[in-house]
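The basis for the numbers below is simple: all heavy atoms, side chains too, and nothing from hydrogens, waters or symmetry mates. This is a predicted model, so every value here is computed, not measured.
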Amino acid sequence: MKNFNFVKNKNIFFIITAVVIVLGVVCMIVRGFNVDTDFAGGTNMQVRIGKTLDSAELDNIRKITEDIIGTSVSSVQKSGSNSDEVIIKMKEIDSETRAQLFDKLVETYSLTDADLLSVQNVGASMSADLRRAAFISTAIAVVLMLIYIAFRFKVVSAVAAVICLVHDLAIMLIAYSLFQIPMQSTMIAALLTILGYSINATIIIFDRIREGLKQDQKKPLEDTVDVSIHSTLTRSINTTITTLLTIGMIYILGVESIRSFALPLIVGIVAGLYSSVCLAGNLWVVLDKLFSKIRPKKKS
């Protein structure tokens with residue numbers, strides 16, 4: 001990688017990014033999203049099954065539920081550390097349908113009335129408030145980062161960083177659609193986590209670029225950016241691998257609710273590494289040239 005010039009090959013990275021984003025948009029249009037009741041509203045039912053629930057049992061409960069309610073289920077997952085309790089999230093159903101569903105579970109698993117632990121309807125207004133909170137929190141985080149980077153570096157570098165953040169969030173949304181990951185309230189935490197992780201890696205590269213520009217102001221920006229990327233490349237890769245090992249084990253060993261949080265993080269971390277190394281510095285170069293062309297020239 002020492003002889004690879006990231007800046008000279010920037011068009012390759014831009015084309016790859018554009019192709020992935022276009023294919024991702026097509027995926028989102030065709031497959032849509034698996035929107036959980038947290039965002040779409042619906043009914044959550046928690047039931048004690050009385051036996052350890054493996055993937056086959058969860059699939060069976062999903063099939064029973066879908067047969068009763070006549071539509072797909074948002075998610076069927078174990079309740080935290082309780083291996084014999086299941087949480088079924090579905091569209092909002094009336095009391096009669098809930099009774100039919102529980103009666104079928106009673107028949108299948110020999111349950112009692114006490115095994116119906118809770119039934120909760122999530123209203124549309126509550127879901128709308130959650131979506132609004134997700135959007136506002138993400139927007140505030142992006143704006144504050146834009147202000148910070150513009151103050152610490154340059155306006156063009158702030159714009160480049162925000163474009164990279166939008167790229168990372170877009171890749172995560174594509175992952176939610178492609179893998180049909182339930183879009184739950186934990187999605188907000190996953191998005192904000194990736195925002196912080198990605199911007200940290202980008203700022204490290206930008207800091208090296210700033211130092212390089214101060215040391216040799218006559219050196220072309222392209223050369224400074226390429227040297228800065230190479231000087232931080234090992235650190236970026238090692239940090240990403242270390243983080244992926246931890247989250248990968250959480251994904252492998254965790255229950256479904258934890259896995260639906262860990263998988264988007266894995267995708268976002270990889271996307272963050274790519275955007276920091278392959279896009280951020282190159283966008284700085286492109287935007288700097290663009291701004292220099294439109295910036296009014298000082299009169300001599």
Side-chain angles (χ1 to χ4, degrees), residues 1-24 141-172 174 194-241 243 267-300:
M1 293 292 288
K2 290 184 178 180
N3 297 324
F4 185 83
N5 192 306
F6 285 90
V7 178
K8 287 184 178 180
N9 291 280
K10 61 181 179 295
N11 289 337
I12 296 176
F13 299 125
F14 292 158
I15 291 172
I16 292 173
T17 303
V19 170
V20 171
I21 294 297
V22 170
L23 292 177
V142 171
V143 170
L144 291 177
M145 289 177 185
L146 175 63
I147 295 172
Y148 168 75
I149 298 172
F151 176 78
R152 183 174 177 182
F153 301 100
K154 297 174 66 175
V155 174
V156 292
S157 57
V159 176
V162 170
I163 292 174
C164 289
L165 291 179
V166 172
H167 163 271
D168 298 341
L169 296 183
I171 296 299
M172 286 186 70
I174 292 170
I194 292 304
L195 281 178
Y197 185 92
S198 178
I199 200 64
N200 179 66
T202 299
I203 285 177
I204 290 174
I205 294 177
F206 282 1
D207 205 45
R208 292 294 179 90
I209 295 174
R210 184 182 60 175
E211 291 176 359
L213 292 174
K214 284 183 178 180
Q215 292 174 0
D216 189 353
Q217 297 181 358
K218 295 182 179 180
K219 190 175 184 179
L221 176 61
E222 291 87 346
D223 294 343
T224 301
V225 169
D226 193 64
V227 170
S228 300
I229 293 173
H230 277 286
S231 65
T232 58
L233 186 59
T234 301
R235 179 262 176 203
S236 298
I237 293 175
N238 288 341
T239 302
T240 300
I241 291 175
T243 308
V267 174
I269 288 169
V270 174
L273 173 65
Y274 173 80
S275 65
S276 298
V277 173
C278 302
L279 297 181
N282 286 324
L283 285 170
W284 185 335
V285 172
V286 172
L287 291 172
D288 187 75
K289 289 182 178 179
L290 180 62
F291 275 56
S292 64
K293 290 181 180 178
I294 63 176
R295 189 183 300 124
K297 296 181 180 180
K298 295 182 180 179
K299 295 182 179 179
S300 56

Is any side-chain heavy atom of Tyr274 closer than 4.5 Å to a side-chain heavy atom of Asp168?
-> no
Validation row: Phe153, Ile209 side chains within 4.5 angstrom (heavy atoms) = no
Output, in order, the C-alpha distance, side-chain angles, deciding distance and verdict of side chain to side chain donor-acceptor pair (under 3.5 Å) for Arg208 and Ser231.
-> CA-CA 8 Å; Arg208 292 294 179 90; Ser231 65; 3.0 Å; yes
One should read off an interatomic distance between Ile163 CD1 and Leu146 CG, to the nearest 0.5 angstrom, of 10.5 Å
Measure the CD1-CD1 distance between Ile194 and Ile199 for me, rounded to the nearest 0.5 Å.
-> 12.5 Å
Heavy atoms only: give me the nearest Ser157-Phe206 pair and the separation to one decimal.
-> O-CE2, 3.2 Å
Close aromatic pair by centroid cut-off 6.0 Å: His230 and Phe4 = no
Where is the tightest heavy-atom contact between Ala141 and Leu195, given as atom of each residue plus distance?
-> CB-CD1, 4.0 Å
State plainly whether the residues Asp226 and Lys8 are in salt-bridge range, i.e. N to O under 4.0 Å.
-> no
Do the non-hydrogen side-chain atoms of His167 and Thr17 ever get within less than 4.5 Å of each other?
-> yes
How long is the gap from CZ on Arg210 to CD1 on Ile205, to the nearest 0.5 Å?
-> 14.5 Å
Is there a side-chain contact between Asn9 and Ile12 (heavy atoms, below 4.5 Å)?
-> yes
Validation row: Val286, Val156 side chains within 4.5 angstrom (heavy atoms) = no
I would like to know whether Lys219 and Val227 meet side-chain contact (heavy atoms from CB on, under 4.5 Å); could you show each step before the answer?
-> CA-CA 11 Å; Lys219 190 175 184 179; Val227 170; 3.8 Å; yes
Would a 4.5 Å heavy-atom cut-off, applied to side chains only, mark Ile203 and Arg152 as touching?
-> yes
Which pairs with one or both residues in residues 276-286 pass side-chain hydrogen bond (donor to acceptor under 3.5 Å, both in side chains), sequence neighbours excluded?
-> Thr202-Ser276
Measuring from Thr243:OG1 to Ile269:CD1, what's the distance to the nearest 0.5 Å?
-> 5.5 Å
Euclidean distance, Asn11 CG relative to Ile15 CD1, rounded to 0.5 Å | 6.0 Å
To the nearest 0.5 angstrom, please state how far the CD1 atom of Ile149 sits from the NZ atom of Lys154.
-> 14.5 Å
Test salt bridge (Lys or Arg N to Asp or Glu O under 4.0 Å) applied to Asp223 - qualifying residues, sequence neighbours left out = none
Non-hydrogen atoms of Cys164 and Leu279 that approach each other most closely = SG-CB, 4.0 Å
Any side-chain heavy-atom pair from Asp216 and Thr224 closer than 4.5 angstrom?
-> no
Ser236 side chain near Leu273 side chain, heavy-atom distance below 4.5 Å = yes
Salt-bridge contact Lys10-Glu222 (side-chain N to carboxylate O under 4.0 Å) | no
Residue list, ring pair (Phe, Tyr, Trp, His ring centres under 6.0 Å) with Tyr197, at least two apart or on another chain | none
Minimum heavy-atom distance between Leu283 and Ala160, given as atom pair plus value = CB-CB, 3.7 Å
